[in-house]
Asks: 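Provided herewith is a single structure, encoded as structure tokens, for subsequent inquiry.
Worth saying up front: this structure is predicted, and the values here are computed from it rather than measured.
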Amino acid sequence: MGQPESRERQGAAQTELPPGQRLQRGWPVTHYGPVPKFKPERWEFRVFGATADGDKHCWNHEEFSALPFETVVADLHCVTKFSMVGAEWGGVSAHTIAELAPPAPDVTHVMVWAEYGFSSNLRLADFLGDRTLFATHNGGDLLTAEHGFPLRLVVPHLYAWKGPKWVRGIEYMTADRRGFWEERGYHNIGDPWREQRYSYQEEPGDGPEL
């Protein structure tokens, strides 16, 4: 990756931490389940669901690696209460994916799918945030397997569980539904500045309609 036509987007690192967070030196490894083995010949990134043209869009690893490369400087806030400040992420912006495989006009949410069927739901506006990135690099180096290689989603303005490791695709949705952790008691939105950690904190309109 790292095409000549790529542009760099940087955001100023937060000097203030969200409530309840502590500054972390280094990058702890946190995830649920085993680290998947990367098999490039079988890897595929898919965009499906309510796409504008009704088709599924796919990229193999070589094709995805050729997409425009961007860098974003952004914090990472883990719901376990540590925060990394001013990390440099490199990869493919969510805007690029949405331009290549647009959502239908009535799409409101996105489900991010990762290895082992792991999922995380996002409002479309959060997915299309200026610094939402499908990251392949951190600090100029390829991600390690433990930190999500070959691809993880970074959504800087939400808690880190909203950006899964080992991402394999996205599903456009016309109605919200909860992802893996959201079904297990985590907040449906996950805004660290509002300390939206758990589902019992949800207000009307924060979660899917029953």
Asks: Hey, which of Pro208, Ser199, Ser120 is the one that makes side chain to side chain contact (heavy atoms under 4.5 Å, CB included) with Glu182?
Replies: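 Among Pro208, Ser199, Ser120, the one meeting side chain to side chain contact (heavy atoms under 4.5 Å, CB included) with Glu182 is Ser120.
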Asks: Is there a continuous path of hydrophobic side-chain contacts, each under 4.5 Å between heavy atoms, that joins Leu76 to Val72?
Replies: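 Yes; tracing contacts between hydrophobic side chains, which count when under 4.5 Å, links both residues.
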Asks: With sequence neighbours left out, write down each residue that passes salt bridge (Lys or Arg N to Asp or Glu O under 4.0 Å) with Arg46, or none if nothing qualifies.
Replies: none
Asks: Quick check against the 3.5 Å criterion: does Glu63 have a side-chain atom that pairs as donor or acceptor with the backbone of Asn60?
Replies: yes
Asks: Supply the atom-to-atom distance Leu142 CG to His137 NE2, rounded to the nearest 0.5 angstrom.
Replies: 4.0 Å
Asks: Are Phe64 and Trp43 close enough that their ring centers fall under 6.0 Å?
Replies: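 For Phe64 and Trp43, the ring centres are under 6.0 Å apart.
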Asks: Considering non-hydrogen atoms only, spot the tightest contact between Asp75 and Gly86 and give its length.
Replies: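 The answer is OD1-N, 2.7 Å.
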Asks: Describe, in one word, how the ring planes of Phe134 and Phe127 are oriented to each other, choosing from parallel (under 30°), tilted (30 to 60°) and perpendicular (over 60°).
Replies: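 Rings of Phe134 and Phe127: perpendicular, as their planes differ by over 60°.
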Asks: Using every non-hydrogen atom in the two residues, find where Arg131 and Val73 come nearest and quote the distance to one decimal.
Replies: NH1-O, 2.9 Å
Asks: Measure from the ring center of Phe118 to the ring center of Trp113 and say whether it is less than 6.0 Å.
Replies: no
Asks: Please find the pair of heavy atoms, one from Cys78 and one from Arg197, that lie closest to each other, and give the distance.
Replies: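 What the structure gives for the nearest pair is O-NH1, 4.5 Å.
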Asks: Quick one: does any side-chain atom of Gln201 pair with a main-chain N or O of Tyr198 as donor and acceptor, under 3.5 Å?
Replies: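 Yes, because the side chain of Gln201 sits within donor-acceptor range (under 3.5 Å) of the backbone of Tyr198.
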Asks: Could you please spell out the steps behind the side-chain contact (heavy atoms from CB on, under 4.5 Å) verdict for Val92 and Phe69?
Replies: CA-CA 5 Å; Val92 178; Phe69 185 89; over 6 Å; no
Asks: Less than 6.0 Å separating the ring centroids of Tyr172 and His109?
Replies: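 No, the ring of Tyr172 stays outside the 6.0 Å limit from the ring of His109, centre to centre.
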Asks: Give a yes or no answer on whether the side chain of Ser65 reaches the backbone of His61 with a donor-acceptor pair at less than 3.5 Å.
Replies: yes
Asks: Do Trp181 and Val79 belong together in a cluster built from hydrophobic side chains that touch within less than 4.5 Å?
Replies: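 Trp181 and Val79: one cluster.
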Asks: Kindly indicate whether the side chain of Glu195, heavy atoms from C-beta on, has any atom under 4.5 Å from the side chain of Tyr159.
Replies: yes
Asks: Is there a side-chain contact between Ile189 and Arg194, using heavy atoms and a 4.5 Å cut-off?
Replies: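 No, side chains not in contact.
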Asks: Going by heavy atoms in the side chains, are Val47 and Thr51 under 4.5 Å from each other?
Replies: yes
Asks: Salt bridge (Lys or Arg N to Asp or Glu O under 4.0 Å), that's the test. Do Glu115 and Arg168 meet it? Break it down for me.
Replies: CA-CA 7 Å; Glu115 296 283 0; Arg168 295 298 300 272; 2.9 Å; yes
Asks: Below 3.5 Å, can you tabulate the donor-acceptor pairs from side chains in residues 34-42 to any protein atom, sequence neighbours excluded?
Replies:
none

Asks: Among Arg178, Lys162, Arg177, which residue meets the side-chain hydrogen bond (donor to acceptor under 3.5 Å, both in side chains) test with Asn121?
Replies: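 Testing each of Arg178, Lys162, Arg177 against Asn121, the sole residue satisfying side-chain hydrogen bond (donor to acceptor under 3.5 Å, both in side chains) is Lys162.
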Asks: Would you give the length of the straight line joining atom CG of Leu128 to atom OG1 of Thr132, rounded to the nearest 0.5 angstrom?
Replies: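 Between Leu128 CG and Thr132 OG1, I get 7.5 Å after rounding to 0.5 Å.
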Asks: Would you find a donor on one side and an acceptor on the other, under 3.5 Å apart, between the side chain of Gln21 and the backbone of Phe82?
Replies: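 Yes, Gln21 side chain to Phe82 backbone: donor-acceptor pair under 3.5 Å.
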Asks: Apply side chain to side chain contact (heavy atoms under 4.5 Å, CB included) to Thr108 and list each qualifying residue two or more places apart in sequence or on a separate chain.
Replies: none
Asks: Is there side-chain contact between Leu17 and Leu23, with heavy atoms separated by less than 4.5 Å?
Replies: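 When only atoms from C-beta onward are counted, Leu23 and Leu17 do touch, with a gap below 4.5 Å.
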Asks: Please verify the inter-ring angle class for Trp59 with Phe45; under 30° counts as parallel, over 60° as perpendicular, anything in between as tilted.
Replies: tilted
Asks: Take Ile97 and Leu67 through the side-chain contact (heavy atoms from CB on, under 4.5 Å) test and state the conclusion after the steps.
Replies: CA-CA 9 Å; Ile97 298 300; Leu67 295 177; 4.0 Å; yes
Asks: Report the C-alpha distance between Leu153 and Ile170 in whole Å, list the side-chain angles of each, state the deciding distance to 0.1 Å, and finish with yes or no for side-chain contact (heavy atoms from CB on, under 4.5 Å).
Replies: CA-CA 11 Å; Leu153 185 65; Ile170 61 168; over 6 Å; no
Asks: Search all heavy atoms of Pro18 against all heavy atoms of Ser83 and return the closest pair with its distance.
Replies: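 Taking Pro18 first and Ser83 second, the nearest heavy atoms are CD-OG, 4.3 Å.
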Asks: Could you tell me whether the side chain of Asp141 and the main chain of Asn138 form a donor-acceptor pair under 3.5 Å?
Replies: no
Asks: In terms of hydrophobic clusters joined by side-chain contacts under 4.5 Å, are Leu124 and Val167 together?
Replies: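 Yes, Leu124 and Val167 fall within the same hydrophobic cluster.
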Asks: Shared ILVMFWY cluster between Leu151 and Phe149, side chains joined below 4.5 angstrom?
Replies: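 Same cluster: Leu151 reaches Phe149 through Ile, Leu, Val, Met, Phe, Trp or Tyr contacts under 4.5 Å.
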Asks: Do you know which two heavy atoms are closest between Leu143 and Ala135, and how far apart they sit?
Replies: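 Leu143 and Ala135 have their closest heavy atoms at CD1-O, 3.3 Å.
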Asks: Checking side-chain polar atoms at under 3.5 Å, does Trp89 have a donor or acceptor matched by the opposite partner on Glu70?
Replies: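 No donor-acceptor contact under 3.5 Å links the two side chains.
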Asks: Going by atom types alone, do His187 and Asp191 pair a side-chain donor with an acceptor below 3.5 Å?
Replies: no
Asks: Taking all non-hydrogen atoms of both residues into account, name the closest pair between His157 and Pro192 and its distance.
Replies: O-CD, 3.2 Å
